[in-house]
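Lettering of chains follows the sequences in order, A, B, ..., and the numbering in each one begins at 1.
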2 protein chains.
Amino acid sequence: MARRTPRDEHAAAILRELIVITRRGVADARTAPLSLSMTDQSILGYIVDHPECRSVDIAEAFRLNRSTVSRQLAGLTRLGVVREITDASGRGRPLELTETGWAAYREAIDLLQTVVDRHLGDWRDDEVARFATDLTRFNDAASDGDRPRHPETNAPADD
Amino acid sequence: MARRTPRDEHAAAILRELIVITRRGVADARTAPLSLSMTDQSILGYIVDHPECRSVDIAEAFRLNRSTVSRQLAGLTRLGVVREITDASGRGRPLELTETGWAAYREAIDLLQTVVDRHLGDWRDDEVARFATDLTRFNDAASDGDRPRHPETNAPADD
DNA sequence: GGCGTAGCGTTGCATATGACAACAGAAGGA
DNA sequence: TCCTTCTGTTGTCATATGCAACGCTACGCC
């Protein structure tokens, strides 16, 4: 094994912290007193970011089975937060949020924002800006082809 | 609503990016060609970080029900990655990884590390170091009392 | 315009994850 | 010793997810 450089140590620290963030996010989503599950929130967020998207788009984005998204959407429709756009044309059925859906989405985001803000409590403005820039850069680097791939799996079945 | 300052915009960007990281982490954990689920990896990681911890410690750390951890541990024990420390004394049964468990843990970490490294591909060393520092600072600020709390929930049932 | 294919959504079944409640066993304290 | 409390397990249920199979519909080709 190659000697670990300082950069390696820092990269390892980054992974460690990202794991913490993910785990905490999952635990929060599971136990937060919200009516929407994490998957539900993801779906709402995707519809917000991609107006008139279809079920299959959501499935691809989160790499979920079509059936899973179908069922989740059925639940969300029953809840009255999502609906199909009526005058649809072409393949599939474009989706949109209802007013209730927007309210639920904002509620969830606001809740999370307060958590983030609390973490940033004693940060200077320029530090916050820098952190935002770094995070965005980090995520944008994930264009594609960066799915975790098992070394011994040379013929991936997905994507 | 108060006017949005630049700091607010950056904080919102941070939340957005953290959500992306969490979602991606969940999707990766679900579809990665690994034998361990995300929960399993969490448990292994906790045991690594907290040698001789017990089942109930894991449950508290990830805010999972004792029964959930018990069943997950039963599966991991069956897989041969976790075992109870034999000469236990006192309350509960301390846990440790087997050799197989260590190998599985390292495999998972290595896989994730390659993903992180790829994202950091064109970063300078000092940028990587800074990002690591910022992430650590962000997470450490989450000491406690920062669980997402529903505004209308004034009598939380947990903690 | 009619037909075949492919895309899209749904449903049946199986599995994994997780919660809650009830229970069992063991450790500690009075 | 006995009682309480902690710890872990099991029964039962709800949700999330995948796979396979099905049905519908838009599109393309003739």
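The nucleotide whose nearest atom lies closest to any side-chain atom of A/Thr68 is, among D/dT9, D/dT17, C/dC8, D/dT17. Listed nucleotides: D/dT17, C/dT10, C/dC8. Nearest to the side chain of A/Val56: C/dC8. Comparing atom distances between the B/Thr39 side chain and each of D/dT17, D/dG8, C/dG18 picks out C/dG18 as nearest. Nearest nucleotide to the side chain of A/Asp40, out of D/dA16, C/dT17, C/dA19: D/dA16. For B/Ser67, the listed nucleotide lying nearest its side chain is D/dT10; candidates were C/dT17, D/dT10, D/dG18.
Neither OP1 nor OP2 of C/dG9 sits under 4.0 Å from any side-chain N or O of A/Ser70. Contact check, B/Asn65 against C/dG18: no side-chain N or O comes under 4.0 Å of OP1 or OP2.
Annotation: of the two residues near DNA chain D, B/Arg71 and B/Arg54, the 5′-most nearest-nucleotide partner is B/Arg54.
Atom CD in B/Glu60 sits roughly 10 Å away from atom P in D/dG8 (whole-Å rounding). Between the C1' atom of D/dA16 and the CG atom of A/Leu36 lies a distance of 15 Å, rounded to the nearest Å. Following rounding to the nearest Å, B/Arg30 (CZ) and D/dT15 (C1') show an atom-to-atom distance of 14 Å. Counting to the nearest Å, the P atom of D/dT10 and the CD atom of B/Gln72 are 14 Å from each other. Computed from coordinates, the B/Arg66 CZ to C/dT17 C1' distance equals 18 Å when rounded to whole Å. The CZ-P distance, from A/Arg83 to C/dG9, rounds to 18 Å in whole Å. Atom CG of B/Leu76 and atom C1' of C/dT17 are 13 Å apart (whole Å). Nucleotide D/dG8 holds its P atom 14 Å from the CG atom of B/Leu64, rounded to whole Å.
When side chains are defined from C-beta on, A/Gln72 does not count as touching A/Val69, because their heavy atoms never get closer than 4.5 Å.
Scanning atom types as modelled, no donor and acceptor separated by under 3.5 angstrom connect the side chain of B/Arg91 and the base of C/dG29.
A side-chain N or O of B/Ser37 and one of B/Asp40 form a donor-acceptor pair less than 3.5 Å apart.
At a threshold of 4.0 Å, the pair A/Asp134-A/Arg137 does not count as salt-bridged, since none of the basic side-chain nitrogens sits closer than that to a carboxylate oxygen.
The minimum heavy-atom distance linking B/Gly80 with B/Thr98 is given by the pair O-OG1, 2.5 Å. Across every non-hydrogen atom of A/Ala11 and B/Asp117, the tightest pair is CB-OD1, 3.4 Å.
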